[in-house]
Amino acid sequence: VPTVVITGANRGIGLAFAKAFRDRGYSVIGTSREPQEADELAALGVRVEEVDVTDDASVAHFADRLAGVAVDRLINNAGVLRRDRIDQLDPVAILRQFDVNALGPLRVSQALMPNLRLSSSPGVVAITSRMGSIADNSSGAFYGYRMSKAALNAAMKSLAIDLAPIPVMLLHPGYVRTRLTGDLGDLTADEAVARMMPLIEGLSLADSGKFYHRDGHTLAW
Ligand SMILES: NC(=O)c1ccc[n+]([C@@H]2O[C@H](COP(=O)([O-])OP(=O)(O)OC[C@H]3O[C@@H](n4cnc5c(N)ncnc54)[C@H](OP(=O)(O)O)[C@@H]3O)[C@@H](O)[C@H]2O)c1
């Protein structure tokens with residue numbers, strides 16, 4: 001049975017991933033900052049682990065608890081969005097978004113490298129955003145979010161080279177109705193995840209270091 005690790009799995013897209021992978025027969029390890037409150041995740045019958053992706057010790061302890069477990073897919077999903085504008089710059093909030101969105105996936109991926117290497121066909125996915133595309137930016141604002149996702153893209157591109165032949169893919173889920181978007185969007189988390197599952201399950205070296213839309217086309221950096 002393949003094993004998947006999903007960060008930020010207690011709600012939104014991460015919870016939908018946990019459900020979808022469980023339904024596909026995977027052994028699912030879903031992380032939450034507050035496992036005691038992750039009722040919906042626990043109700044899926046999956047393994048729930050505490051991880052704060054901004055906390056080095058938390059990530060290290062998680063890796064310790066996973067020692068010897070082969071991880072076939074790592075889904076770096078945890079993320080935050082603040083609606084910052086140029087007339088109300090909040091450097092602390094920008095740095096926070098960097099820490100969660102860009103450094104978080106790098107910390108977790110690095111910590112789980114031994115687990116990925118135990119798998120016969122491992123792969124790393126980072127849930128990024130088209131808002132991190134510099135070429136695609138036509139509406140401005142969202143400084144911290146855009147900067148953090150562009151930085152995530154840069155980090156995962158390097159990781160794709162460093163982890164080869166383990167593939168590392170960047171995936172934009174679309175505009176999805178979750179708490180992050182104030183429940184606005186074009187589709188539900190379950191719908192977005194259903195579209196992303198084939199890309200994630202079929203992940204190969206040919207996809208490594210690429211920035212994909214959930215519908216399978218590549219996005220401009
Ligand atoms: N929704 C969209 O339209 C959209 C579009 C493009 C990309 N994305 C990306 O998709 C991913 C999931 O977003 P979502 O829409 O599902 O948002 P969400 O419903 O707000 O869920 C975010 C998840 O990230 C977790 N998280 C936040 N900070 C964390 C930290 N320091 N350590 C560990 N976990 C942390 C949250 O945990 P808590 O419950 O503890 O806060 C929650 O589980 C994010 O990376 C987001 O940027 C979303």
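Ligands are counted one by one from 1 in listed order, and the atoms in each one are counted from 1 as well. In this text the structure is predicted, and so the values were computed from the model without any measurement.
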How about CZ on Arg177, more than 12 heavy atoms from neighbouring residues, nucleotides or ligands closer than 6.0 Å, or not? yes

Check this for me: His213, atom NE2, are more than 12 non-hydrogen atoms of other residues, nucleotides or ligands nearer than 6.0 Å? yes

What do you reckon, does Lys149 have a nitrogen or oxygen under 3.5 Å from a nitrogen or oxygen of ligand 1? yes

Contact between ligand 1 and Glu34 is defined here as a heavy atom of the residue under 4.0 Å from a ligand atom; is it met? no

Between the side chain of Asn115 and the main-chain N/O of Ala70, is any donor-acceptor distance below 3.5 Å? no

Is Pro173 in contact with ligand 1, taking contact as a heavy-atom separation below 4.0 Å? yes

Between Asp87 and Arg85, does any NZ, NE, NH1 or NH2 come within less than 4.0 Å of an OD or OE carboxylate oxygen? yes

With atoms numbered from 1 as shown, which atoms in ligand 1 lie under 4.0 angstrom from a non-hydrogen atom of Asn77? 11 (C), 12 (C), 44 (C), 45 (O)

May I ask you to check if ligand 1 and Arg11 share an N or O to N or O distance below 3.5 Å? yes

Closest protein heavy atom (residue, atom, distance) for atom 47 (O) of ligand 1: Tyr145 OH, 2.6 Å

Considering only protein heavy atoms, which is closest to atom 7 (C) of ligand 1, and at what distance to one decimal place? Thr128 O, 3.1 Å

Atom 22 (C) of ligand 1: which of Ala38, Ala126, Gly79, Ala192 has the nearest heavy atom? Gly79

Measuring from the heavy atoms of Thr7, does anything fall under 4.0 Å of ligand 1? no

Measure from the side-chain N and O atoms of Asp190 to the backbone N and O of Ala192, and report whether any donor-acceptor pair falls under 3.5 Å. no

To which of Asn101, Val51, Ile6 does the heavy atom nearest atom 33 (C) of ligand 1 belong? Val51

Students should be able to answer this: which protein heavy-atom is nearest to atom 16 (O) of ligand 1, and at what distance? Ile13 N, 2.7 Å

Cluster question for you: counting only ILVMFWY and a side-chain heavy-atom cut-off of under 4.5 Å, with indirect links fine, are Ile29 and Leu41 together? no

So which heavy atom in the protein is nearest atom 17 (O) of ligand 1, and how far is it from that ligand atom? Leu180 CB, 3.3 Å

Gly8, any N or O under 3.5 Å of ligand 1 N or O: yes

Before signing off on this row, confirm whether Asn10 and ligand 1 have an N or O atom pair separated by under 3.5 Å. yes

So for atom CZ, which belongs to Arg83, do other residues, nucleotides or ligands contribute more than 12 heavy atoms lying within a distance under 6.0 Å? yes

Looking at ligand 1, does Asn76 have a heavy atom less than 4.0 Å from it? no

If you measure from each heavy atom of Glu50 to ligand 1, is any distance below 4.0 Å? no

Measuring from non-hydrogen atoms of Met131 to any atom of ligand 1, is the shortest distance under 4.0 Å? no

Starting from Leu199, can I reach Val125 by hopping between I/L/V/M/F/W/Y residues whose side chains sit under 4.5 Å apart? yes

How close does the nearest protein non-hydrogen atom get to atom 10 (O) of ligand 1, and which residue and atom is it? Ile127 CG2, 3.3 Å

Provide, to 0.1 Å, the distance between atom 38 (P) of ligand 1 and the closest protein heavy atom, together with that atom's residue and name. Arg33 NH2, 3.5 Å

N/O donor-acceptor pair under 3.5 Å between Lys19 side chain and Leu15 backbone: no

Arg177 and ligand 1 - part of the residue with a heavy-atom distance under 4.0 Å: neither

Please check: side-chain N/O of Gln97 versus main-chain N/O of Ala93, any donor-acceptor pairing under 3.5 Å? yes

Subset of ligand 1 atoms that lie under 4.0 Å from at least one heavy atom of Thr54: 31 (N)

Side chain of Arg107, backbone of Asp55: donor and acceptor closer than 3.5 Å? no

Starting from atom 15 (O) of ligand 1, which protein heavy atom do you reach first, and at what distance in Å? Thr178 OG1, 2.6 Å

For ligand 1, is there an N or O atom under 3.5 Å from any N or O atom of Val53? yes

Have a look at Ala78, Ala9, Gly132 and point out the one with the heavy atom closest to atom 35 (C) of ligand 1. Ala78

Would you say Ile134 and Met147 are hydrophobically clustered, going by side-chain heavy atoms of ILVMFWY under 4.5 Å? no

Salt bridge or not between Glu201 and Arg73? Use side-chain N to carboxylate O under 4.0 Å. no

Say whether Leu81 and ligand 1 are in contact under the criterion: heavy-atom distance to a ligand atom below 4.0 Å. no

Apply salt bridge (charged side-chain N to carboxylate O under 4.0 Å, His left out) to the pair Arg65 and Glu49, showing each step before the final yes or no. CA-CA 9 Å; Arg65 294 193 298 277; Glu49 288 285 347; 2.5 Å; yes

Contact check: Val80 vs ligand 1, nitrogen or oxygen atoms, below 3.5 angstrom: no

Asn77 side chain to Thr7 main-chain N or O, any donor-acceptor pair under 3.5 Å? yes

Under 4.0 Å from one or more heavy atoms of Tyr175, ligand 1 contributes atoms 3 (O)

Any donor and acceptor pair, going by atom type alone, linking the side chain of Thr218 with main-chain N or O of Phe211 inside 3.5 Å? no

Could Asp39 and Arg11 be called an ion pair, given the rule that one side-chain N must be under 4.0 Å from one carboxylate O? no

Using the rule that two of Ile, Leu, Val, Met, Phe, Trp, Tyr join whenever any of their side-chain heavy atoms come within less than 4.5 Å, decide whether Leu112 and Leu163 are in one cluster. yes

Option nearest atom 5 (C) of ligand 1 (shortest heavy-atom distance, choices Ser129, Gly104, Gly185, Gly174): Gly174

Residue-level breakdown please: for Arg96 versus ligand 1, do any non-hydrogen atoms fall below 4.0 Å on the side chain, on the backbone, on both, or on neither? side chain

Which residue and non-hydrogen atom of the protein lie closest to atom 3 (O) of ligand 1, and at what distance in Å? Val176 N, 2.7 Å

As an exercise, identify every atom of ligand 1 less than 4.0 angstrom from a heavy atom of Thr181. 1 (N), 2 (C), 3 (O)

